[in-house]
2 protein chains.
Amino acid sequence: MDDADALFKALADPTRRALLDALSERDGQTLFELCARMATAHGLTSSRQAISQHLDVLETAGLVTRRREGRYTFHDLDTAPLAPLRERWHHPDERTPR
Amino acid sequence: MDDADALFKALADPTRRALLDALSERDGQTLFELCARMATAHGLTSSRQAISQHLDVLETAGLVTRRREGRYTFHDLDTAPLAPLRERWHHPDERTPR
DNA sequence: TTGACAGGCAAGTGCTTACTTGCCTATTGT
DNA sequence: ACAATAGGCAAGTAAGCACTTGCCTGTCAA
């Protein structure tokens, strides 16, 4: 699975996109913080394990990095893999609609 | 399924992304043209029906429009649904890495 | 008119994936 | 020390999805 495939597969799930939303508001959230935030702010009722597995996928895609400190694991957003996505299929000058 | 979900699901498959690539090079291709292009330029060995179903998904996501003329169905790319994708999760001014 | 061409429709199949369940490890506060 | 906290690991399940198979419709050229 190449990088692009991992990236787009990661973005395909609404829960994972909500996680990126949550992390874009504030970096360094723990798994439990993200679980609470999903339940409240995003109205999702996902279990801890489900969220953890989603974070695994996001980490594989390079969108999330983890750093462990003591018994806490903090999650940070990395938007770098999204950069090539903006270039692709985006040539408004080349195709003027009407 | 909301719009964003349809969009990201559509982008999740590599064959569908290749179809968007092919259509971004030239609009107005027929199903058989796209089949041939997938086989040659993109090295994919997908059947006609498979490609057709992929185009259904892309059409649902609003990324491809179809126009029928006689016995031909021409396919056009529409990048408009991709626009909100550029804004989301990308605020480089708000998060300066390092 | 008849056959070839371009495409549509729908059911079935097998793999992927999101989620659960159950248990385990490590760290911290009292 | 011990219980609570924070999280990891792995197998099982059920739904989704990509693809095939088979057949049908509409269009055009000879």
Side-chain angles (χ1 to χ4, degrees), chain A residues 1-2 4-23 26-39 42-61 63-76, chain B residues 1-2 4-23 26-39 42-61 63-76:
Chain A
M1 179 157 75
D2 56 39
D5 212 37
L7 174 66
F8 285 106
K9 289 250 166 68
L11 294 177
D13 188 273
T15 302
R16 285 196 287 269
R17 293 197 299 275
L19 284 167
L20 294 180
D21 288 337
L23 286 175
R26 183 165 57 87
D27 262 343
Q29 296 188 66
T30 68
L31 175 58
F32 276 37
E33 279 179 307
L34 289 168
C35 285
R37 198 175 194 82
M38 289 301 103
H42 297 269
L44 299 175
T45 60
S46 301
S47 69
R48 175 181 64 87
Q49 289 84 346
I51 302 265
S52 178
Q53 286 166 5
H54 282 306
L55 289 168
D56 287 340
V57 177
L58 291 172
E59 190 182 28
T60 299
L63 289 166
V64 164
T65 57
R66 284 174 158 136
R67 52 191 162 90
R68 185 126 200 208
E69 292 179 15
R71 63 173 160 177
Y72 299 103
T73 299
F74 301 105
H75 300 79
D76 298 313
Chain B
M1 179 156 75
D2 58 33
D5 212 37
L7 174 66
F8 285 106
K9 288 248 166 69
L11 294 177
D13 188 272
T15 301
R16 286 196 286 269
R17 294 196 299 274
L19 284 168
L20 294 180
D21 288 336
L23 286 175
R26 182 166 58 87
D27 263 343
Q29 296 187 65
T30 68
L31 176 58
F32 276 36
E33 280 178 307
L34 289 168
C35 285
R37 196 173 195 82
M38 288 301 103
H42 296 271
L44 297 176
T45 60
S46 300
S47 71
R48 175 181 64 87
Q49 288 84 348
I51 302 267
S52 177
Q53 285 168 6
H54 281 307
L55 288 168
D56 287 340
V57 177
L58 291 171
E59 190 182 27
T60 299
L63 289 167
V64 164
T65 57
R66 284 174 159 136
R67 52 192 163 91
R68 186 125 198 210
E69 293 181 14
R71 64 173 159 175
Y72 299 103
T73 298
F74 301 105
H75 299 80
D76 298 313

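Computation of the quantities below employed the complete heavy-atom set of this structure, encompassing side-chain atoms and omitting hydrogens, waters and symmetry-equivalent molecules.
Residue-level contact check: B/Ser46 touches neither bases nor backbone, having no heavy atom under 4.0 Å from any strand.
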Just by protein heavy atoms under 4.0 Å, how would nucleotides 23-30 of chain D read 5' to 3' in B, S and -?
----BS--
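Comparing the axis of the opening five pairs of the helix from C/dT1-D/dA30 to C/dT30-D/dA1 with that of the closing five pairs yields an angle of 20°, rounded to 10°.
B/Ala22 meets the side chain to side chain contact (heavy atoms under 4.5 Å, CB included) test with B/Gln29, B/Leu34, B/Arg37, B/Met38, B/His42; sequence neighbours excluded. For B/Arg16, there are no salt bridge (charged side-chain N to carboxylate O under 4.0 Å, His left out) partners, not counting sequence neighbours. Every residue meeting the salt bridge (charged side-chain N to carboxylate O under 4.0 Å, His left out) condition with A/Arg67, not counting sequence neighbours, appears here in chain and number order: A/Glu69, A/Asp76.
A/His54 has no side-chain polar atom (N or O) that falls below the 4.0 Å cut-off from OP1 or OP2 of C/dT17.
In this structure, of C/dA18, C/dG7, D/dG8, it is D/dG8 that holds the atom nearest to the side chain of A/Leu31.
Side-chain N or O atoms of A/Arg68 include none that pairs as donor or acceptor with a backbone N or O of A/Thr73 at under 3.5 Å.
Sorted by first and then second residue, the salt bridge (charged side-chain N to carboxylate O under 4.0 Å, His left out) pairs involving residues 45-57 of chain A (not counting sequence neighbours) are A/Asp56-A/Arg66.
Per the geometry, CD belonging to B/Gln53 stands 15 Å off P belonging to C/dG12, to the nearest Å. Distance CG (A/Leu19) to P (C/dC19): 10 Å, rounded to an integer number of Å.
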